Asker: 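Submitted below is the structure of interest, expressed as structure tokens.
Side-chain atoms are counted along with the backbone in the values below, which use heavy atoms only and exclude waters and symmetry mates. Values in this document were obtained by computation on a predicted structure and should not be read as measured data. For reference, positions follow the sequence shown, starting with 1.
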Amino acid sequence: MVVLSKKPKTFKIEFGDSTKAFYSSGDKVAGRVVVEVSETTRVAAMRLYGIGCANVEYSKGKQRCKDAIDYLKYQDVLHLDQQPTDSDGSIILRPGNRYKYTFGFELPQSGQLVSSYKGKFGSVEYYVKAVMERPCQSDVECKKYFEVEEPIDVNTPDLTSPAAGVTEKKLTCMFIPDGSVSITAKIDRKGYCEGENICIDAKFENTCSRIIVPKAAIIVTHTFRANGRTKVLREKISAVRGNHIISGMYDIWQGKTFRVPKLRPTILGCNIIHMDYTLMIYVHIPGSEKLTLELPLVIGTIPFTGFASRTSSMSSQEGSSAASSSLVSMPSAPPSYSEIPLHGCLDPFITPLLDDYTEDDSPIFMHAREYYQTPPPAYTEVQEGCNRSGTTLQLC
């Protein structure tokens, strides 16, 4: 018969380095189990467990999908130094004293762990659990979680190689062909860390009758697998937007920068949970679905140094030359309307051009301006061979 008694006054786990934000493969997890009792207590054993596992659980119709993988299973029995024990190995803890059981164990080596993760339908968690066994009384336990972050070096040859792609969409209006929209884009490498800038080279061509808007966003895809089924969630992290492109025109991004926000590293090596990133370059087309082009991204932990091997750099350039040839040979982009000098103009007023936009887009506006042009000079003031750079261009 188990006799219920009071819980210990203090029963907790403290790590040796409280400032350590995360652990990695091969690191030592050390600390102590602190115990204070409010009544005399006999302890048969103090057991310590180091546990790390990935869990997935979600519903697919009437079926409950569930799966788990263990990455860390450590077990030990802790002892108090200079504390007398009975013949059965038990000890007596008395009120007014503070007892500390020390522990320490090493995490598995590289390639055997997966970074900590917490999602809607799954998680990868690591924790230390202490169980105090008391004869003829109920056991008590406590847990303390810790983060694991596996290093990802973005300086590897695969992650320093560029990524490029081309896509096109033909449009119709009432079953009548309405031209097309195309995207050609390239980024210098696939691996990035928090705070680094993604430089995008892209060309957007619009031969349809509608006004389009180019954009780019970082997309994170969460994939959960269990019982042979898969559940996928996609989330837009952040986005940048370009200028609208009218019919028959094109726009070029030459090294347009996109700063990587604070993101968790890519989840690698887990069979039931994937967390992948992509750079989605897309075009909003009124009255039609977006045209999208996705380039692979890996968010790492070791920043880019810029000292990749020359051989890797040369092979990357050769491999991407075909995809980027159209970008290299592009003429320079025409100046934006905002770059044309305006003399004596009034403050601009805004005229809405489109009302057809998605909830994450804002309406497109045209900046229409009025000009006060000075009268042409008298014929007597014009000299032959003079530079006519002052002539005002009429914009359509």
Side-chain angles (χ1 to χ4, degrees), residues 15-30 50-55 69-72 105-119 122-128 144-163 187-200 216-224 233-238 257-280 294-309 312-313 316:
F15 290 130
D17 186 358
S18 59
T19 62
K20 194 175 182 66
F22 59 85
Y23 295 82
S24 300
S25 298
D27 287 352
K28 185 174 182 179
V29 180
I51 299 173
C53 60
N55 290 282
I69 297 178
D70 291 328
Y71 291 105
L72 173 65
F105 61 91
E106 287 188 1
L107 295 177
Q109 296 303 310
S110 179
Q112 302 180 40
L113 293 182
V114 173
S115 296
S116 299
Y117 168 84
K118 191 169 183 64
S123 63
V124 181
E125 295 181 320
Y126 297 86
Y127 60 90
V128 175
K144 190 170 183 67
Y145 289 83
F146 61 93
E147 293 283 315
V148 168
E149 185 178 280
E150 285 296 88
I152 301 177
D153 189 354
V154 302
N155 296 281
T156 60
D158 181 53
L159 299 186
T160 54
S161 61
I187 54 177
D188 292 337
R189 52 191 169 97
K190 302 171 188 174
Y192 292 88
C193 293
E194 174 190 343
E196 294 182 340
N197 287 327
I198 303 174
C199 294
I200 307 172
I218 294 179
I219 304 296
V220 56
T221 302
H222 307 263
T223 306
F224 306 94
L233 299 177
R234 285 170 62 85
E235 180 185 2
K236 182 190 293 185
I237 300 299
S238 59
T257 58
F258 192 152
R259 194 169 188 84
V260 178
K262 184 176 179 60
L263 299 173
R264 294 196 68 90
T266 300
I267 298 293
L268 301 175
C270 184
N271 294 329
I272 61 176
I273 297 177
H274 287 190
M275 186 180 69
D276 305 303
Y277 294 95
T278 55
L279 176 66
M280 185 172 73
E294 295 199 25
L295 303 179
L297 282 182
V298 172
I299 303 301
T301 60
I302 302 176
F304 181 64
T305 60
F307 295 103
S309 66
S312 172
S313 176
S316 300

Asker: Indicate the atoms forming the closest heavy-atom contact of T156 with D153, along with that distance.
Answerer: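 Distance-wise, the nearest heavy atoms are CG2-O, 3.4 Å.
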Asker: Nearest 0.5 Å, please: how far is CZ in R189 from CG in L295?
Answerer: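 Those atoms lie 14.0 Å apart.
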Asker: So, applying salt bridge (charged side-chain N to carboxylate O under 4.0 Å, His left out) with R264, which one of E149, E150, E147 is it?
Answerer: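 Exactly one candidate clears the test, E147.
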Asker: State, to 0.1 Å, how close S25 and G111 come at their nearest heavy-atom pair, and which atoms those are.
Answerer: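 Reported closest heavy-atom pair: OG-N, 4.4 Å.
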Asker: Rounded at 0.5 Å granularity, tell me how far CD in E106 sits from CG in L72.
Answerer: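 E106 atom CD to L72 atom CG measures 12.0 Å (nearest 0.5 Å).
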Asker: Are side-chain heavy atoms of F15 and V128 found at a separation under 4.5 Å?
Answerer: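 The answer is yes; the side chains approach within 4.5 Å.
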Asker: For the side chain of S115 and the backbone of I267, is there at least one donor-acceptor N/O pair under 3.5 Å apart?
Answerer: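 Between the backbone of I267 and the side chain of S115 there is no qualifying donor-acceptor contact (under 3.5 Å).
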Asker: Is there a donor-acceptor pair closer than 3.5 Å between any side-chain N or O of Y23 and the backbone N or O of K20?
Answerer: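 Flag not set: sc Y23 to bb K20 has no pair under 3.5 Å.
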Asker: Students often mix this up, so state it plainly: with edges at 30° and 60°, are the rings of F224 and Y117 parallel, tilted or perpendicular?
Answerer: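 Ring orientation, 0 to 90° scale: tilted.
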Asker: Working to the nearest 0.5 Å, report the span between CG of D276 and CD1 of I219.
Answerer: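 Here the rounded value is 12.5 Å.
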Asker: Indicate the ring-plane relationship of Y127 and Y145, choosing parallel, tilted or perpendicular according to the 30° and 60° boundaries.
Answerer: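 If you compare the ring of Y127 with that of Y145, the planes turn out tilted.
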Asker: Quick one: pull up CD1 in I152 and OG1 in T266 and give me the separation to the nearest 0.5 Å.
Answerer: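 Rounded to the nearest 0.5 Å, the CD1-OG1 separation comes out at 5.5 Å.
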Asker: Show the nearest heavy-atom pair for residues P265 and T301, with the distance to one decimal.
Answerer: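 Scanning both residues, the minimum pair turns out to be CG-CG2, 3.6 Å.
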Asker: Considering only heavy atoms from C-beta outward, does the side chain of P261 approach that of L263 to under 4.5 Å?
Answerer: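 Heavy-atom side-chain distance check passes, below 4.5 Å.
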Asker: Tell me the closest heavy-atom pair linking V114 and V124, and the distance in Å.
Answerer: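 Shortest heavy-atom contact: O-CG1, 3.9 Å.
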Asker: Say you draw a straight line from CD1 of I273 to OG of S123; how long is it, rounded to the nearest 0.5 Å?
Answerer: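 Going from CD1 on I273 over to OG on S123, the span is 6.0 Å.
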Asker: What I'd like to find out is whether the side chain of L279 reaches to under 4.5 Å of the side chain of I200, using heavy atoms alone.
Answerer: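 Yes. Closest side-chain heavy atoms under 4.5 Å.
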Asker: Side chains of L107 and Y126, heavy atoms from C-beta outward: is any pair under 4.5 Å?
Answerer: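 Of all side-chain heavy-atom pairs linking Y126 with L107, none is under 4.5 Å.
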Asker: Donor-acceptor pair, N155 side chain versus T305 backbone, under 3.5 Å?
Answerer: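 Confirmed, N155 side chain pairs with T305 backbone.
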Asker: Mind running side-chain contact (heavy atoms from CB on, under 4.5 Å) on L297 and V260 for me, showing each step along the way?
Answerer: CA-CA 11 Å; L297 282 182; V260 178; over 6 Å; no
Asker: Would you say that C270 contacts Y71 through its side chain, given a criterion of any heavy-atom pair below 4.5 Å between the two side chains?
Answerer: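 Yes, side chains in contact.
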Asker: Would a distance-only check, ignoring hydrogens and angles, find a side-chain to backbone donor-acceptor pair under 3.5 Å from T221 to R234?
Answerer: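 Checked: no pair found.
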Asker: Going from CZ on F258 to CD1 on I218, what distance comes out if it is rounded to the nearest 0.5 angstrom?
Answerer: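 Output value for this atom pair is 4.5 Å.
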Asker: Taking the side chain as everything from C-beta on, heavy atoms only, tell me whether V154 gets closer than 4.5 Å to I302.
Answerer: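 They are not in contact (no side-chain heavy atoms under 4.5 Å apart), so the answer is no.
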Asker: Grab the two heavy atoms, one from Y277 and one from M275, that are nearest each other, plus how far apart they are.
Answerer: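 Closest approach of Y277 to M275: OH-CE, 3.7 Å.
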